[in-house]
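Every chain is numbered from 1 and lettered A, B, ... according to where its sequence line falls, protein lines coming before strand lines.
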6 protein chains.
Amino acid sequence: MENRIMKISARNQLKGTIVDVVKGATTSHVRIDIGGGAIVTAAITNEAVEELKLAKGKSATALIKASDVLVAID
Amino acid sequence: MENRIMKISARNQLKGTIVDVVKGATTSHVRIDIGGGAIVTAAITNEAVEELKLAKGKSATALIKASDVLVAID
Amino acid sequence: MENRIMKISARNQLKGTIVDVVKGATTSHVRIDIGGGAIVTAAITNEAVEELKLAKGKSATALIKASDVLVAID
Amino acid sequence: MENRIMKISARNQLKGTIVDVVKGATTSHVRIDIGGGAIVTAAITNEAVEELKLAKGKSATALIKASDVLVAID
Amino acid sequence: MENRIMKISARNQLKGTIVDVVKGATTSHVRIDIGGGAIVTAAITNEAVEELKLAKGKSATALIKASDVLVAID
Amino acid sequence: MENRIMKISARNQLKGTIVDVVKGATTSHVRIDIGGGAIVTAAITNEAVEELKLAKGKSATALIKASDVLVAID
């Protein structure tokens, strides 16, 4: 497992604080408050949650590839 | 094409204002200022840009599925 | 949560009727009959299922970004 | 390159006929008529288009992972 | 379900041997040893695991679309 | 932009050496030799290529979320 990555290609790197972590059978939902009233939800493996010791109150960055973002208008 | 969708399953729906639209041969990059100093980049088809008439200064929402979000820590 | 989206960039918007919803610990599977004998399965969060009140027999649209579609030939 | 795959995990395998192929600088858009008036657009690499010899009128299957499908309701 | 696909557009097709399959409520994790000490983890539906009869010791190929790969540097 | 990420949730982190970088109008293809005869192709934005100074011969890690991996069998 890679532990000292310094730069990553993802265009969207939103820093914040973990609001809660909900574990399922294999998939966890991690919610990150990125400021300005916005919360980002990530669905990741339970293994990742354990390995990164993700928990409420910790700092974390949500990474999102530009090709995974859709755009909507009213 | 569906034009009156009212609710969508995506957990992440970040509202903002389009900062710029850069068109490529088939893929465009749309950057949306979602406030708090954060800008989200979406890579979508040129057809979508034209159909939604996306342009600098317009309001838009970035939609991101929870399963497309990665989490990083320092 | 955005509730009045009118247009969305996704190239693939397949309308149909929900056939069944199977809830897991954090992830649900929603199957939508889009006609012509084709059924599309979506894996989404339980929260989305509850928020949109997805249930068997209801109308729903499957949204798929063009960059998430692979092509196979015989 | 794997050329004789018999079964694949993708829940969504929509068979149809290619309507058109539009090549960009690195990314092509392939549109597949899957019947019932529905057309699915795939954004794939130019290399894939060449390797699979994708062209208008040929049979092709659109493959979509369940975790890449969003659900919308009116 | 499509059972005799011969060629697929995915740029990344990594052959290997299944190391283990962990089933969750709706999502399974399948780990494939692709050689050279590298193991690839796939999160797929339980239905796919059953349909393809995936199990420890069997041969399998991990398919990954180029647009789903991020790049990191130290 | 986040420059000092130490740990990332992606289950698949494949280290290697960049074989070539092909730039398109907005999207680049980066190919990474991960050893054992396997090459992984990433489709990322031109901006990411420039920011990370990706070039032939440099070390790089391909990051892939488990939910983006499909499984195929013969």
Side-chain angles (χ1 to χ4, degrees), chain B residues 1-36 38-71, chain C residues 1-36 38-71:
Chain B
M1 206 50 57
E2 174 61 31
N3 285 347
R4 290 188 57 80
I5 288 164
M6 296 299 173
K7 283 198 177 184
I8 191 162
S9 61
R11 288 305 82 195
N12 301 303
Q13 309 195 8
L14 305 168
K15 298 193 83 163
T17 304
I18 296 172
V19 174
D20 57 43
V21 177
V22 177
K23 275 201 183 179
T26 52
T27 308
S28 294
H29 291 173
V30 179
R31 297 199 311 140
I32 304 171
D33 183 336
I34 58 165
I39 287 174
V40 169
T41 300
I44 61 176
T45 61
N46 290 351
E47 289 77 11
V49 168
E50 286 153 23
E51 190 181 296
L52 274 62
K53 298 182 175 57
L54 301 179
K56 186 177 174 177
K58 288 203 170 182
S59 295
T61 300
L63 303 178
I64 304 147
K65 210 168 181 304
S67 56
D68 286 327
V69 182
L70 292 85
V71 179
Chain C
M1 207 51 56
E2 174 61 30
N3 284 349
R4 290 189 56 81
I5 289 164
M6 296 299 174
K7 284 196 177 185
I8 191 162
S9 61
R11 289 304 84 196
N12 302 302
Q13 309 195 9
L14 305 168
K15 297 191 86 163
T17 304
I18 296 173
V19 174
D20 58 42
V21 177
V22 177
K23 275 200 184 180
T26 53
T27 309
S28 294
H29 292 175
V30 179
R31 297 200 310 141
I32 303 171
D33 183 335
I34 58 165
I39 286 174
V40 170
T41 300
I44 63 176
T45 62
N46 290 351
E47 288 78 11
V49 168
E50 286 154 23
E51 190 180 295
L52 274 61
K53 297 183 176 58
L54 302 178
K56 186 178 172 175
K58 288 202 170 181
S59 296
T61 301
L63 303 178
I64 304 148
K65 210 168 181 304
S67 56
D68 285 327
V69 182
L70 292 86
V71 179

_Check this for me: B:K23, atom NZ, are more than 12 non-hydrogen atoms of other residues, nucleotides or ligands nearer than 6.0 Å?_
yes

_Euclidean distance, B:E47 CD relative to C:S9 OG, rounded to 0.5 Å_ = 11.5 Å

*Measure B:A43 against the heavy atoms of chain C and call it side chain, backbone, both or neither at under 4.5 Å.*
backbone

*Please look at C:T45 and chain B and tell me whether the side chain, the backbone, both or neither of the residue comes under 4.5 angstrom of a heavy atom of that chain.*
side chain

*When heavy-atom pairs shorter than 4.5 Å are enumerated against chain B, which of C:I44, C:L52, C:L54 gives the highest number?*
C:L52

*Heavy atoms only: give me the nearest C:K7-B:E51 pair and the separation to one decimal.*
NZ-O, 3.5 Å

